[in-house]
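Being a predicted model, the structure only gives us computed values, none of them experimental. Letters go in sequence order (proteins before strands), and every chain restarts at 1.
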Amino acid sequence: MEHTEESLNFIEQMIEDDIAAGKHGGRVLTRFPPEPNGYLHIGHAKSIVLNFGVAQKYGGKTNLRFDDTNPVTEDTEYVESIQNDIRWLGFDWEDRLFYASDYFDQIFGFALRLIDKGLAYVDDSSAEEIAALKGTPTHEGTDSPFRNRSIEENRQLFLEMRDGKHPEGSKVLRAKVDMASPNMLLRDPVIYRIKFAHHHRTADKWCIYPMYDFAHGQSDSIETITHSLCTLEFENHRPLYDWFIEQLGIFPSKQTEFARLNLNYTIMSKRKLLQLVNDNHVNGWDDPRMPTISGMRRRGYPPAAIRNFVKKVGVARRENVIDVGLLEFSVRQELNKTAPRVMAVLDPLKVVITNYPQDRVEWMHAENNPEDPEAGHRELPFSSELYIEQDDFMENPPKKYFRMFPGGMVRLKNAYIIQCDEVIKNEDGSIEQLNCTYIETSKSGEDTSGINVKGTIHWVSRAHALKVEARMYDRLFSHENPDHDKDQHFTAFLNPESLVVKPEIYVEPSLADALPGQSYQFMRKGYFCVDTDSTANKLVFNLTVNLRDNWGKS
RNA sequence: UGACCCCUGGUGUAAUGGUAGCACUACAGAUUUUGGUUCUGUUUGUCAGGGUUCGAAUCCUUGGGGGUCAACCA
């Protein structure tokens with residue numbers, strides 16, 4: 001057996017180099033550091049798969065750490081959903097659940113250490129004044145008038161800030177780096193601000209909170225993270241990340257940036273997703289049209305499909321926009337192997353088999369999944385009155401149409417070949433029903449008719465069909481980049497047909513006991529899953545993704 | 001008019017100075033009791049110029065294009 005070597009992405013390459021060099025004794029410890037201020041989306045899935053995946057591959061571990069340094073935007077609702085989503089994706093942080101807020105005491109100590117080294121000062125300037133003195137990317141900044149306070153005064157004032165003696169916005173603690181740096185982040189970044197806000201974990205213990213740059217890297221160090229993987233927009237933060245490690249003399253975690261995942265026909269910004277929820281453009285964070293993990297779960301995307309998708313996308317440092325078609329491919333690939341086949345008629349057309357006894361019911365033997373011999377078989381009721389799909393019949397078919405037409409023959413999947421004898425119309429010209437005859441000797445599995453038909457269509461027995469609701473989902477946006485227009489808000493590009501509800505479709509009776517979350521292939525139509533809105537009286541199915549359809553393309 | 005990063009088919013990603021490959025998409029065909037799946041094949045690519053080298057997608061250089069950075073957000 002030939003075995004092809006899989007090529008490494010640049011992060012795996014780096015880790016292998018580090019291990020080979022004996023760095024940290026070959027130890028690998030990564031972390032996934034979400035801020036609990038929103039739901040996880042497919043972009044986070046990339047980070048999760050990367051962080052957990054690479055650690056697994058090299059015998060390491062991964063911490064889950066909530067980056068909860070801004071009490072104003074964070075909430076335990078998000079803490080719960082995030083953990084739920086990571087588990088569902090198939091990853092386990094075991095006993096390593098941490099919060100940046102666990103380290104507030106230590107981080108406060110780091111700040112004092114900086115002050116004592118003359119590397120941090122309390123600034124009484126307003127936010128506007130600080131911004132004004134910061135300069136611009138092309139013009140260097142100016143020192144704050146408070147930059148040269150004594151160590152003693154800085155210490156005293158910082159302690160007073162902690163003790164709530166100063167109002168919000170009146171003072172901040174700044175690192176003393178370099179106001180002339182071409183890197184704006186090094187121009188004396190604010191590292192602590194006053195916020196009289198209730199924190200979801202530390203409650204009212206603190207009224208000062210560290211900023212990202214003085215919490216994230218420090219938390220990495222405290223946990224002795226070896227490889228701190230983050231997205232490209234933090235690249236300019238790396239010199240500061242390293243500066244703090246150097247000045248504080250703490251564990252040297254190493255930050256490495258990779259390009260975030262972008263998908264066309266959707267948006268990934270948490271702020272904008274929150275707006276879709278708040279403005280009721282969608283029905284919550286787990287709306288099946290949302291690019292959130294919870295939305296995809298409800299839509300019926302299997303976790304393995306998401307993992308495979310992320311692996312196919314790869315990891316690199318260049319900006320990218322992934323075609324949502326690749327995600328759909330991954331979903332079909334997984335569901336094709338696992339989803340039982342059933343028959344469902346979405347847009348019914350009544351068929352009467354005139355030569356089939358009206359009171360007769362035959363139970364047809366049907367394969368559950370041709371891709372999976374283990375999946376077994378089921379029995380399907382067949383009778384003289386059926387429903388077929390409206391677009392499986394055409395009165396005046398084009399050349400290569402091989403479904404039903406007047407005088408034509410078609411195979412009913414798992415049943416008989418029938419011939420269309422008569423089209424019965426309503427007064428308005430619409431088709432009321434088809435009268436057909438069946439070929440008695442053509443029963444599936446015991447066909448001796450010798451007739452070969454090109455088309456096979458799905459059907460359900462009218463008397464036995466279950467009436468269920470179907471929610472037909474399409475992409476949320478009709479433009480591949482909803483953010484492309486400077487003058488028009490992204491909501492202007494919402495797809496008005498992203499959800500079409502079919503209140504009543506017909507499905508075969510074997511679906512009666514289907515449970516929320518279960519996926520099926522509605523043969524020749526698409527993959528559907530049972531929605532959590534289903535009740536004892538009425539099942540609700542979500543369209544996960546259509547089947548590929550080559551008909552009519554050429 | 002600053003610093004840092006990036007540029008390989010339509011999309012994404014390999015090739016670590018030595019045959020530009022893989023996946024998705026598209027197209028064509030075979031198989032098929034799902035116009036699904038599967039199988040086979042085809043089209044399409046190294047941003048541009050200069051240099052180093054026996055040899056450059058890869059190294060150097062100039063230019064072009066794109067991204068990030070001026071929250072008391074992360």
What integer number of Å spans the C1' atoms of B:G21 and B:G29? 24 Å

Please classify the nucleic acid contact of A:V321 as base, sugar-phosphate, or nothing, using heavy-atom distances under 4.0 Å. sugar-phosphate

Base of B:U34 paired with side chain of A:R524 (donor-acceptor, under 3.5 Å): no

Whole-Å C1' distance, B:G9 and B:C5: 24 Å

When rounded to whole Å, the CE to C1' distance for the pair A:M179 and B:A3 reads 16 Å

Counter-base of B:C4, judged by Watson-Crick or G-U geometry with both distances under 3.5 Å: B:G67

Taking only Lys NZ, Arg NE, NH1 and NH2, and the carboxylate oxygens of Asp or Glu, determine whether A:E257 and A:R317 approach each other closer than 4.0 Å. yes

Among B:U33, B:U16, B:A14, find the nucleotide with the atom closest to the side chain of A:Q13. B:U16

What does the list of N/O pairs under 3.5 Å between the protein and nucleotides 70-74 of chain B look like, with a distance for each?
| residue | atom | partner | partner atom | Å |
| --- | --- | --- | --- | --- |
| B:C72 | N4 | A:S125 | O | 3.2 |
| B:C72 | N4 | A:A127 | N | 3.2 |
| B:C72 | N4 | A:G169 | O | 3.0 |
| B:C73 | OP2 | A:R193 | NE | 3.1 |
| B:C73 | OP2 | A:R193 | NH2 | 2.9 |
| B:C73 | OP2 | A:K195 | NZ | 3.4 |
| B:C73 | O3' | A:R193 | NH2 | 3.2 |
| B:C73 | O2' | A:N70 | ND2 | 3.2 |
| B:A74 | OP1 | A:T69 | OG1 | 2.6 |
| B:A74 | OP1 | A:R193 | NH1 | 3.4 |
| B:A74 | OP1 | A:R193 | NH2 | 2.9 |
| B:A74 | OP2 | A:Y212 | N | 2.8 |
| B:A74 | O4' | A:E35 | OE1 | 3.4 |
| B:A74 | O3' | A:D67 | OD2 | 3.3 |
| B:A74 | N6 | A:H237 | NE2 | 3.2 |

Judged by each residue's nearest nucleotide on RNA chain B, which is more toward the 5′ side, A:A316 or A:A415? A:A316

Ion pair A:R147/A:D188, N-O distance below 4.0 Å: yes

Applying a 4.0 Å non-hydrogen cut-off, can you work out what A:P370 is touching in the nucleic acid: base, sugar-phosphate, or nothing? base

Salt-bridged, A:E362 to A:K443, with N to O below 4.0 Å? yes

Are A:R149 and A:D123 ion-paired here, with the side-chain N under 4.0 Å from a carboxylate O? no

Atom CZ of A:R403 and atom C1' of B:U34 are separated, to the nearest Å, by 11 Å

Atom CG of A:N308 and atom C1' of B:C24 are separated, to the nearest Å, by 14 Å

Are A:R65 and A:E223 close enough for a salt bridge, meaning some N to O gap below 4.0 Å? yes

So, do A:F234 and A:Y212 have ring centers that fall under 6.0 Å from each other? yes

Mind checking if A:G141 touches a base, just sugar-phosphate, or nothing, with heavy atoms under 4.0 Å? nothing

Checking all strands, does A:R187 fall into the base, sugar-phosphate, or nothing category for heavy-atom contacts under 4.0 angstrom? nothing

Taking atom C1' of B:U25 as reference, at what distance in whole Å does atom OH of A:Y265 sit? 13 Å

Euclidean distance for P, B:U37 against B:A70 (whole angstrom): 47 Å

Pairwise C1' distance for B:U31 and B:C39, with rounding to whole Å: 8 Å

For A:D85 and A:S81, does a side-chain donor sit closer than 3.5 Å to a side-chain acceptor? no

Between B:G36, B:U25, B:U33, which nucleotide has the shortest distance from any of its atoms to the side chain of A:T456? B:U33

Got a donor-acceptor pair under 3.5 Å from the side chain of A:R548 to the base of B:U34? no

Testing B:U37, B:A3, B:C24 for proximity to the side chain of A:N336, the answer is B:U37

When rounded to the nearest Å, what value does the distance between P atoms of B:C54 and B:G2 take? 37 Å

For a quick check of understanding: with a heavy-atom distance under 4.0 Å over all strands, which category does A:Y401 fall into, base, sugar-phosphate or nothing? base

Identify the nucleotide, in any strand shown, that forms a Watson-Crick or G-U wobble pair with B:G21, with both distances under 3.5 Å; if there is none, say none. B:U13

For atom P, what is the distance between B:U13 and B:C47, given to the nearest Å? 14 Å

Per A:E235 side chain, nearest of listed nucleotides B:C5, B:U34, B:A14: B:C5

Would you classify A:R332 as touching base, sugar-phosphate or nothing, given that sugar-phosphate means primed atoms plus P, OP1 and OP2, and contacts are heavy atoms under 4.0 Å? nothing

With sugar-phosphate meaning primed atoms plus P, OP1 and OP2, does A:N320 contact a base, only sugar-phosphate, or nothing at under 4.0 Å between heavy atoms? sugar-phosphate

Interatomic distance, A:R318 CZ vs B:A57 P [rounded to whole Å]: 16 Å

Ring center gap for A:F110 and A:F244 short of 6.0 angstrom: no

Rounded to whole angstrom, note down the C1' distance from B:U58 over to B:G51. 15 Å

How would you label the contact of A:E257 with the nucleic acid (heavy atoms, under 4.0 Å): base, sugar-phosphate, or nothing? nothing

Whole-Å gap separating P (B:G35) and CE (A:M394): 16 Å

Pair A:R378 + A:E508: basic N to acidic O under 4.0 Å: yes

Determine the contact category for A:K413: base if any of its heavy atoms lies under 4.0 Å from a base atom, sugar-phosphate if only primed atoms, P, OP1 or OP2 are that close, otherwise nothing. base

Base, sugar-phosphate or nothing for A:V453? Non-hydrogen atoms, less than 4.0 Å. nothing

Taking the P atom in each of B:U62 and B:C4, what is the distance between them to the nearest angstrom? 13 Å

Syn or anti for B:A70, given that syn means the glycosidic angle lies within 90° of 0? anti

Once you apply a heavy-atom cut-off of 4.0 Å, does A:R317 come out as touching a base, just sugar-phosphate, or nothing? sugar-phosphate

How many whole angstroms separate atom NZ of A:K311 from atom C1' of B:U13? 16 Å

Please give, in whole Å, the distance from B:C24 P to A:L261 CG? 18 Å

Do A:Y356 and A:F382 have ring centroids that are under 6.0 Å from one another? yes

Reckon A:Q521 touches a base, only the sugar-phosphate, or nothing at all at heavy-atom distances under 4.0 Å? base

How is A:Y209 classified with respect to the nucleic acid when contacts are heavy atoms under 4.0 Å: base, sugar-phosphate, or nothing? nothing

How would you label the contact of A:L547 with the nucleic acid (heavy atoms, under 4.0 Å): base, sugar-phosphate, or nothing? base

What about A:Y39 and A:Y78, are their ring centers closer than 6.0 Å? yes

Do A:N414 side-chain and B:U33 base share a donor-acceptor contact under 3.5 Å? no

